[in-house]
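To start, the structure under review is shown below, and the notes come after it.
In this chain, residues are counted from 1 in sequence order.
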Amino acid sequence: MASGDGEQYDDNSSGFFSDDLDQHDTERDLYAILHINKDADATTIQQAYRRLTLLYHPDKHIDPRNKQLAMDLFIQVKKAYDILNDPQKRAIYDVVGMKGLKAEGWEIVSRTKTAREILDEYERLAREREERRFNQITNPNGSVQMSINLTDIFDQMNSSDENSDFSPVIEMTEFTVAQSIDIPLTSQDTATVTAVATTHNGRGSGSFTTSFRRVLADLSWFRIDLSFGQHNLAAFRYFRRLTQKLQASIAATFGLVDGGSAIATPGFIFSITYQLSHHLTSSLEWKTGVDSCMKSGLHYDNQTVAVSTAIQLGFVNTYGVIDGLYRFPNICNLRCSLKLFIFGPWLEYGIDRQLTKYTHGSASVAISSRMGVLLKLKFTRGSQTFTFPLQLSQDILPSAIFYATIAPTLGYFILDRLIIRPFARSEQEHEQKKREDEAREKQTERRREAMNAQEVLRSVVEQIKDKEGPQGLIILEARYGQLNLTTTHENSIKIIDVTVPLQALVKDSTLRVGTTVSKSNLTGFYDPCIGEEKSLSIKYSLRSQIHTVLYKDTDPVILPNRDHLVS
């Protein structure tokens with residue numbers, strides 16, 4: 001079903017081309033930086049912070065390079081502590097990671113309690129950021145409408161004259177271009193400039209409209225419109241939410257006589273909307289002036305099915321209407337509408353679908369005894385709208401209905417196979433390559449960071465070994481990576497030496513790493529084989545006895561243990 005002029009629908013196919021929320025941050029895990037588990041309490045976090053800041057303190061180093069590298073580690077620990085020690089920041093980080101803390105507009109988080117609420121709020125903020133970014137790409141707002149008369153095609157197809165040549169005449173009866181620009185003046189004030197140019201049956205006309213809109217402190221707003229052109233109009237509209245469920249608006253319009261010497265044809269509109277339940281809304285509108293009428297309606301929407309009913313009583317136009325919408329998630333939306341006018345019924349049905357990430361398309365067929373058969377194609381890309389009403393016949397012809405229904409369907413399938421899917425596949429391959437390149441760059445950067453950290457910790461490790469003595473806990477050898485392979489020149493790049501960073505964590509002949517995330521997040525570690533299974537092998541000495549142990553990548557490390565003793 002085609003929407004009315006100026007209406008915008010937000011019921012696209014459930015984000016068919018939307019980006020999934022990425023739960024895998026490329027940032028290092030903050031819990032791993034502090035060597036603690038995700039359920040660590042405030043005391044454990046503070047103890048880990050104090051111990052690591054002493055370990056990485058730059059004053060322990062004389063060499064300027066090591067002093068700077070130690071400062072980097074010190075700052076890294078400080079940042080992790082600042083986030084995990086703050087209950088509000090920690091809650092956001094636990095649900096959506098570092099990208100959640102980088103998002104703007106977290107004022108509502110103080111009222112959220114659960115992880116689901118935090119995730120919902122993050123997704124809302126992400127959608128708003130995407131809309132702002134996309135509006136910057138697609139501004140200014142615009143629309144193009146081109147009405148085409150194809151009735152001669154079906155008249156000749158149904159003609160009984162077999163000798164006549166099939167040479168139908170195709171006419172463009174109307175062409176309209178509209179462009180508007182929103183100009184934010186302040187955070188509450190917005191000005192809009194709109195220009196419209198139209199040609200209809202060879203005659204041209206146009207209009208120019210300026211609008212000023214202000215949002216008031218109580219979230220109500222008012223707007224003033226001045227329109228000049230074929231019809232000179234001045235309009236004022238005020239909207240206010242009276243209660244949580246009730247909102248109302250009033251509008252006054254004045255048509256100006258040519259030359260602006262007097263005011264004529266005043267109009268007044270009053271409307272209220274009340275939310276009866278979570279899914280059901282009612283509305284009432286009263287309009288005075290040339291098109292005086294009273295209109296009431298009900299709208300039901302449960303995210304899968306939407307049904308609207310309305311009745312309008314007026315001197316010029318009286319009708320009843322029922323609209324239906326059924327959403328097939330990730331596929332399309334089906335629409336159907338039945339209007340009952342005084343001159344007879346009006347049936348309309350159609351389908352709309354997200355064609356690409358930023359492009360939405362719809363096709364609808366309208367049938368009535370007064371108008372005949374009309375096919376309406378509509379494409380929206382951001383704030384740019386292209387509409388093509390195609391008049392197929394003045395009468396209700398089965399052939400016109402058949403082609404109006406089948407032709408857009410076949411056209412879409414051809415377009416989908418030849419253009420849309422190859423384009424989407426190309427975009428996915430491009431994004432995949434981009435992610436792989438970023439992963440390789442990140443691995444190189446993490447390797448550099450790990451080597452720098454090990455360089456800083458070497459001097460600290462010697463002090464720890466001296467303190468432990470020959471009877472203490474000494475890490476003899478520690479390897480991390482794909483250890484199920486034999487270490488050869490060909491695959492040794494998948495295994496790294498982590499003896500130094502583990503020895504640096506030894507205190508009082510004990511080594512404890514409580515984190516259960518990948519050990520590639522630990523200081524002095526990196527991932528030598530991205531996407532492959534990894535493990536940690538440790539050989540250590542305690543009281544001059546040799547111990548060995550093999551940990552899985554996400555197992556906590558606890559040394560010493562009698563089970564590790566080599567017979």
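- Surrounding CZ of Arg512 are at most 12 heavy atoms belonging to other residues, nucleotides or ligands under 6.0 Å away.
- Checked by atom type, the side-chain pair Thr499/Asp497 shows a donor-acceptor distance below 3.5 Å.
- Relative ring orientation between Phe222 and Phe212 is described as tilted, the plane-to-plane angle lying within the 30° to 60° band.
- The aromatic rings of His564 and Tyr540 lie perpendicular to each other, with more than 60° between the two planes, well past the 30° mark.
- The closest donor-acceptor contact from the side chain of Gln503 to the backbone of Ile475 lies under 3.5 Å.
- Scored by the salt bridge (Lys or Arg N to Asp or Glu O under 4.0 Å) test, Asp225 finds Arg223 as partners (sequence neighbours excluded).
- For Arg562, the CZ atom sits in a loose shell: 12 or fewer heavy atoms of surrounding residues, nucleotides or ligands are nearer than 6.0 Å.
- In this structure a side-chain-to-backbone donor-acceptor pair under 3.5 Å is present from Glu468 to Leu473.
- Residue pairs that meet the side chain to side chain donor-acceptor pair (under 3.5 Å) test with at least one member in residues 45-55, sequence neighbours left out, do not exist here.
- The main-chain N or O of Ser537 is never found under 3.5 Å from a side-chain atom of Lys539 such that the two would form a donor-acceptor pair.
- Within a 6.0 Å sphere centred on CD1 of Ile62, other residues, nucleotides and ligands contribute 12 heavy atoms or fewer.
- Classification of Asp86 and Arg90 as a salt-bridged pair fails, no side-chain N sitting under 4.0 Å from a carboxylate O.
- Looking only at distances, no side-chain donor or acceptor of Asn37 sits under 3.5 Å from a matching main-chain atom of Ala40.
- Between the Asp94 side chain and the Ala91 main chain, no donor and acceptor come within less than 3.5 Å of each other.
- Only one option out of Asp301, Thr304, Asn333 pairs with Arg327 in a side-chain hydrogen bond (donor to acceptor under 3.5 Å, both in side chains); it is Asp301.
- The shortest heavy-atom contact between Ile45 and Leu84 is CD1-O, 3.6 Å.
- At a threshold of 4.5 Å between non-hydrogen side-chain atoms, the residues Pro501 and Thr523 do not count as touching.
- Counting non-hydrogen atoms of neighbouring residues, nucleotides and ligands closer than 6.0 angstrom, the CD atom of Gln432 exceeds 12 such neighbours.
- A salt bridge does not link Lys442 to Glu445: none of the charged nitrogens lies less than 4.0 Å from a carboxylate oxygen.
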